[in-house]
Asker: 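Take a look at this one; I'll ask things after.
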2 protein chains.
Amino acid sequence: MTKNKLEITDTTTGEKIKEAARKVFTKKGYAATRTRDIAEEAGINLALLNYYFRSKEKLFDIVMRENMQQLLIGLRSVLYNETTTLLHKIKAIVSNYINLLRKHPDLPLFILSEIKANPDKFAMNIGARTLLLKSHFFKQVKETGKGKINPIQIIINIIGLTVFPFIASPLLKHVGDLNQKEFDALMKERKKMIPIWINGMLKVK
Amino acid sequence: MTKNKLEITDTTTGEKIKEAARKVFTKKGYAATRTRDIAEEAGINLALLNYYFRSKEKLFDIVMRENMQQLLIGLRSVLYNETTTLLHKIKAIVSNYINLLRKHPDLPLFILSEIKANPDKFAMNIGARTLLLKSHFFKQVKETGKGKINPIQIIINIIGLTVFPFIASPLLKHVGDLNQKEFDALMKERKKMIPIWINGMLKVK
DNA sequence: GTCTATAATTCGATAGAC
DNA sequence: GTCTATCGAATTATAGAC
């Protein structure tokens with residue numbers, strides 16, 4: 001939730017290639033990406049790409065690892081803070097992720113597609129699981145819902161309400177007849193509304 | 001919301017190939033799919049696939065068109081029914097889509113990925129837009145929210161809460177430590193809960 | 001209609017000069 | 001480190017026999 005690694009503009013050749021790879025992979029997915037496109041985007045030669053990263057797959061793994069880290073950076077400090085209210089945490093999570101996704105709208109669809117395409121590669125360390133399940137945040141959700149609602153459902157809703165519009169943006173823009181500016185305004189409004197909606201879910205019934 | 005075209009088991013060779021193509025395309029995406037895989041899945045030869053459908057892309061277009069239709073079948077009759085309440089419509093939409101997605105969980109991620117990869121190909125007829133915007137359902141959402149809430153936000157939420165868990169299921173199963181059976185139980189529960197949550201959103205604030 | 005064999009192309013990766 | 005040129009594998013598509 002702090003600094004944005006995806007925006008560092010390093011000038012070394014290796015970094016130039018990685019940034020080009022991130023851009024092309026994220027836009028087209030692993031299978032549809034040609035290493036030639038990455039080389040062109042980076043303004044270097046195809047051979048040089050293999051010189052630096054040995055193979056398409058190794059380059060992909062590095063880029064993807066950094067993408068995942070990007071999404072988790074700062075999350076722990078929010079989830080495990082024992083001095084803030086649940087509502088405060090929800091506001092922080094939603095607001096920070098919407099800010100991030102407005103800068104990198106292709107990220108979630110890309111990551112979820114690649115996880116589905118290769119679940120074993122992302123057979124994540126138990127850490128990702130415990131990060132959520134052992135957190136103070138999770139306890140707060142459980143307590144606030146007090147047996148009336150499965151906390152997992154609330155987690156799904158927070159993430160879904162936040163992330164889904166970016167995943168479906170081409171569709172939403174079309175059926176909702178929205179241009180980029182209007183879409184962006186909707187996302188800004190959601191930063192305010194999602195915590196209110198979630199709060200309602202925790203009290204309903 | 002009625003019959004399920006994806007489940008028709010036609011015995012003609014053309015249909016066998018189409019069903020195999022749907023299965024492989026949906027699982028792996030267009031770029032990662034090899035026509036050889038489709039042929040093998042269909043139990044026929046690679047040459048025969050081209051004999052029937054001329055090219056990988058033409059076969060894909062046909063399958064995708066049917067997939068999209070599948071998602072819209074029966075929707076019009078719900079959206080334009082002037083005799084049912086808004087809550088009743090929401091229940092019908094959510095329940096029917098969750099039922100469909102439990103049978104075809106890969107469908108949304110596949111379709112949204114391919115739309116993003118090739119937005120021009122899906123430059124849909126104005127029909128898809130007006131189907132929603134001119135509907136009685138949309139009027140009801142607008143009225144019920146009475147200026148306090150943008151109806152588009154509510155639409156996003158209905159679809160997002162319904163579809164997102166299927167898009168993110170590999171991730172959810174991992175971080176939530178859920179097996180398929182538990183995941184399925186959550187989705188069943190959401191059929192009941194989503195209309196309640198949406199109802200809360202329409203009254204809040 | 002269905003098959004085997006192969007042409008034609010694309011793409012990841014490497015050899016080798018500078 | 002960086003380039004040009006090319007190899008070799010994979011893949012779509014087709015030719016031609018049955």
Side-chain angles (χ1 to χ4, degrees), chain A residues 8-67 106 110 113-114 116-118 120-122, chain B residues 8-67 106 110 113-114 116-118 120-122:
Chain A
I8 291 176
T9 28
D10 205 318
T11 52
T12 73
T13 302
E15 284 297 327
K16 265 198 321 191
I17 296 173
K18 268 191 344 195
E19 285 313 306
R22 190 189 319 283
K23 186 169 174 180
V24 182
F25 276 138
T26 306
K27 184 175 178 199
K28 316 218 290 185
Y30 178 80
T33 292
R34 297 175 309 156
T35 51
R36 283 169 165 79
D37 294 337
I38 297 175
E40 187 186 0
E41 175 74 32
I44 53 99
N45 190 272
L46 171 60
L48 205 54
L49 184 149
N50 286 287
Y51 171 77
Y52 271 93
F53 296 97
R54 288 192 42 93
S55 77
K56 177 185 179 183
E57 193 180 3
K58 287 201 168 55
L59 175 56
F60 174 79
D61 289 345
I62 291 172
V63 166
M64 183 55 93
R65 177 177 300 273
E66 292 186 3
N67 276 343
D106 290 344
F110 169 59
S113 294
E114 299 300 339
K116 195 198 106 194
N118 225 327
D120 27 325
K121 176 174 282 186
F122 296 88
Chain B
I8 292 176
T9 27
D10 205 319
T11 52
T12 73
T13 303
E15 283 298 326
K16 263 197 325 192
I17 296 173
K18 270 194 338 197
E19 285 313 304
R22 190 190 321 283
K23 185 169 174 179
V24 182
F25 277 137
T26 306
K27 184 176 177 196
K28 317 220 289 187
Y30 178 80
T33 292
R34 297 174 308 156
T35 50
R36 282 170 164 77
D37 294 338
I38 297 175
E40 187 186 0
E41 176 74 32
I44 53 101
N45 188 272
L46 170 59
L48 204 54
L49 185 151
N50 286 287
Y51 171 78
Y52 273 92
F53 295 98
R54 287 194 38 93
S55 78
K56 177 184 178 183
E57 193 180 2
K58 286 201 169 54
L59 175 55
F60 174 80
D61 289 345
I62 290 172
V63 166
M64 183 56 91
R65 176 177 301 273
E66 292 187 3
N67 276 343
D106 290 344
F110 169 59
S113 293
E114 300 299 340
K116 195 198 105 194
N118 225 326
D120 26 325
K121 176 174 282 187
F122 295 90

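A note on names: the letters A, B, ... follow the listed sequences, proteins ahead of strands, and every chain is numbered from 1.
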Asker: Check for me whether A:K56 meets the cation-pi criterion with A:Y30, that is, NZ or CZ under 6.0 Å from the six-membered ring centre and within 45 degrees of the ring axis.
Answerer: yes
Asker: Starting from P on C:dT9, measure out to NZ on B:K56 and report it in whole angstrom.
Answerer: 18 Å
Asker: Between A:I38 and A:A20, which heavy-atom pair has the shortest distance, and what is it?
Answerer: O-CB, 3.6 Å
Asker: Separation of A:I38 atom CD1 from C:dT10 atom C1', in whole Å?
Answerer: 16 Å
Asker: Please tell me if the side chains of B:K121 and B:E57 come closer than 4.5 Å, counting only heavy atoms from C-beta onward.
Answerer: yes
Asker: At 4.0 Å (heavy atoms only), tell me whether A:R36 reaches a base, stays on the sugar-phosphate, or touches nothing.
Answerer: base
Asker: If I take atom CZ in residue B:F53 and atom P in nucleotide D:dT14, what distance separates them, rounded to the nearest angstrom?
Answerer: 15 Å
Asker: Atom CZ of A:R54 and atom P of C:dA13: how far apart are they, to the nearest Å?
Answerer: 10 Å
Asker: With a non-hydrogen cut-off below 4.0 angstrom, is A:T12 in contact with a base, only sugar-phosphate, or nothing?
Answerer: nothing
Asker: Reckon A:T35 has a side-chain N or O less than 4.0 Å from the OP1 or OP2 of C:dG12?
Answerer: yes
Asker: Using the side-chain heavy atoms of B:L46, tell me which of these nucleotides is nearest: D:dA13, C:dA13, C:dG1.
Answerer: D:dA13
Asker: When you measure from the side-chain N and O atoms of B:T13 to the phosphate of C:dG1, is any distance below 4.0 Å, counting only OP1 and OP2?
Answerer: no
Asker: Do B:N67 and B:F25 come close enough that some side-chain heavy atom pair is under 4.5 Å?
Answerer: no
Asker: In whole angstrom, what separates B:L49's CG from C:dC3's C1'?
Answerer: 14 Å
Asker: Just compare D:dA13, C:dT4, C:dA15 and give me whichever is closest to any side-chain atom of B:N50.
Answerer: D:dA13
Asker: Compare the minimum distances between each of C:dT14, C:dC11, D:dT14 and the side chain of A:A47, then state the nucleotide with the smallest one.
Answerer: C:dT14
Asker: For A:K28 and C:dT10, what is the distance between atoms NZ and C1' respectively, to the nearest whole Å?
Answerer: 13 Å
Asker: Looking only at the side chain of A:L48 (C-beta and beyond, no hydrogens), which of the listed nucleotides D:dG1, C:dC3, C:dA13 gets closest?
Answerer: D:dG1
Asker: In whole Å, I'd like the distance from the CG atom of B:N45 to the C1' atom of C:dT6.
Answerer: 13 Å
Asker: Checking contacts here: which listed nucleotide (C:dC11, C:dT2, D:dG1) is nearest the side-chain heavy atoms of A:Y52?
Answerer: D:dG1
Asker: Without decimals, in angstroms, what is the distance between B:F60 CZ and D:dT11 C1'?
Answerer: 18 Å
Asker: Side-chain N or O of A:S55 less than 4.0 angstrom from OP1 or OP2 on C:dG12?
Answerer: no
Asker: Please work out if B:Y51 contacts a base, only the sugar-phosphate, or nothing of the nucleic acid, heavy-atom cut-off 4.0 Å.
Answerer: base
Asker: Taking the side chain as everything from C-beta on, heavy atoms only, tell me whether A:L48 gets closer than 4.5 Å to A:L46.
Answerer: no
